[in-house]
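Every chain is numbered from 1 and lettered A, B, ... according to where its sequence line falls, protein lines coming before strand lines.
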Amino acid sequence: MPEAATAGSTFRQGLAVRGLTKIYDSHRGGETVALDRITVDAGDGEFIAIVGPSGCGKSTLLHCVAGLIPHEGGSLLLDGAAVSGPGRERAVVFQDPSLLPWRTVHGNILYGMDIQRRPAPDVAHARVESLIDLVGLRGFEAHYPFELSGGMRQRVNLARALATQPRILLMDEPFGALDAQTRELMQTELLAIWERDRKTVIFVTHDIEEAVYLADRVYVLSARPGRVQDVVQIDLPRPRTPEIKREAAFTAIELGIWRMLQGQQQKEVR
Amino acid sequence: MALVIGTAPQEGLVPARPRAPKRGEGARWHRLMLGGGFIVLFLLAWELSSRVGWIDPRFSSSPTRVVSMLLRMLVDPVFWMHVQATATGFAVGWGISVVSALLLGVSMGWYRLLRDALEPFFSALYAIPRSALMPLLLLWFGFGLTYKAILVGLLAFFPLLLNTISGIRSADATLIRMARSFGADDRQLLWTVAIPGAVPFILTGLRQSAALGLVGVIVGELFSSSSGLGYLISNAAQTFQTDRVFAVIMVLAVVGLMLNESLLRLEARLVLWQPRR
């Protein structure tokens, strides 16, 4: 594999996506390139955001990284070694809360640990208890998903992913469907949680402000085929609070990314 | 029946849970009054027309005659022997069909190969009016428990099989994907996602199959048998004992209602997780 050589030369601790290509067979028999040679680096403890217009394949990219769908070219490396399929070191927070309707909040947070048959049941239950506090769902442990608001469902979704103690958290527009206030609250809570244990996060969003607010580095994707158009380092100080969104340094970065995406769209219209 | 789920601290965060006990109770009262009222009216009209002589009680009996016959039957051990014969035929046939329909339904819903192999066969069998098989069944098994149980089974099997298959097949793709992201294998997907999701379908299938099974056992006994409630009906009809016919029909109506009601309660208990309609 030629990728292995490339990977070896840029070896580092963490997750690396190298030249990942995803091709779909289209209905008419031809092929559609959804992702074209995507390269993303997520070193240990880094918060990476991926932004792009809808249809750029950013969710597809995340699902490839999660090992849920195969890719046609390139490789996925963890600490320099190729990985395929889902693994315990990665956990996904889905766009749709994807909660099991017949499990309570407690049961849903437990689910990933159930599937992986670890840790021991008493440890698992204790972990659920502390996660319920962490995501602010105390008092709702025995509630079923249909009794929760959208924001609460996403908290369960997040807690379930954290419960398996992954090294890497893959987040697929988790706050996209929430109202503005709830979204901002969830962003800030996510940052607080991240500050505590500094997991590697790959966060997909179409919201530029969200990407800049959360991430250390933002990958800007173009649409059809999805390509990495630019990589923007966000050197804003941490810990960040929502006020930072009004600062000039912040809005300047945001505007820069917005112009990048805007330019793409105009190209597309023409 | 009130569903109580957990105890929520009343915070503004919770979307107001659909709380309608007042309206629900009112609606229930309303239904009871109207529905019950109509039944009472019907019984009164029946009694009256029989007393006045508009209808001939020898053919169509009357509520008081049915009730007095019923009271006499309920203390007659022979009647209970017939009840037992019917109950056994139903229980054996229904039990076997439930177990086999669940096993087969889950397997056919989950494994495409099995579904493709067996679906044409079952579709063909389903298309046959099952009562057309009765003479053949009698020829093979003679009349008795086996014949009855098989007839019940043939009728009760399909609604549960079909509901179970579609329940398993409708497994939510986003939940399957979520489970796979945690590394779930095929067996775990089946047991933690597909089967729990199929429970509401299975319960609907159970209710339909119980109702059809009851039809099966009675029709089997009407057609050919020497015991059971169906036999009682046909025997009483042939000897012009219409009071007796109606009394047995009343017993069957009560049994059918009870069966349906208990399965509905089971449903309410098992699917606490569904929003109330």
* Taking the side chain as every heavy atom from C-beta outward, state whether A:S98 and B:D172 have any pair of such atoms under 4.5 Å apart. => no
* To do: For the residue pair A:M113 and B:F182, establish whether any side-chain heavy-atom pair is separated by less than 4.5 Å.
  => no
* Atom CZ of B:R115: over 12 foreign heavy atoms under 6.0 Å -> yes
* A:F94 vs B:S181 side-chain heavy atoms within contact, under 4.5 Å -> yes
* Main-chain N/O of A:P86 paired with B:R180 side-chain donor or acceptor, under 3.5 Å -> no
* Would you mind reporting whether B:V199 and A:W102 have side-chain heavy atoms less than 4.5 Å apart? => no
* **Interface residue of largest heavy-atom contact number with chain A, from B:L175, B:D185, B:T174, B:L270, under 4.5 Å** => B:L175
* Asked: Nearest heavy-atom pair of A:I115 and B:Q188: which atoms, and what distance?
  -> O-NE2, 2.9 Å
* Asked: Is atom CD1 of B:I128 surrounded by more than 12 heavy atoms (other residues, nucleotides or ligands) closer than 6.0 Å?
  -> yes
* Can you tell me if A:Q116 uses its side chain to pair, donor with acceptor, with the backbone of B:G183 under 3.5 Å? -> no
* Asked: Does any heavy atom of chain B fall under 4.5 Å from the side chain of A:D114, the backbone, both, or neither of them?
  -> backbone
* Counting only heavy atoms not in A:R198, do more than 12 fall under 6.0 Å of its CZ? -> yes
* Pairwise side-chain contact, B:V193 with A:Y111, heavy-atom cut-off 4.5 Å (strictly under) -> yes
* Asked: At a heavy-atom separation under 4.5 Å, does A:I69 approach chain B through its side chain, its backbone, both, or neither?
  -> neither
* To do: Answer yes or no: does atom CD of B:Q84 have more than 12 heavy-atom neighbours from other residues, nucleotides or ligands under 6.0 Å?
  => no
* Asked: What part of A:R88 lies closer than 4.5 angstrom to a heavy atom of chain B: side chain, backbone, both or neither?
  -> neither
* To do: For A:L100 and B:M178, run side-chain contact (heavy atoms from CB on, under 4.5 Å): C-alpha distance rounded to whole Å, both residues' side-chain angles, the deciding distance at 0.1 Å, then the answer.
  => CA-CA 10 Å; A:L100 298 171; B:M178 179 281 293; 4.1 Å; yes
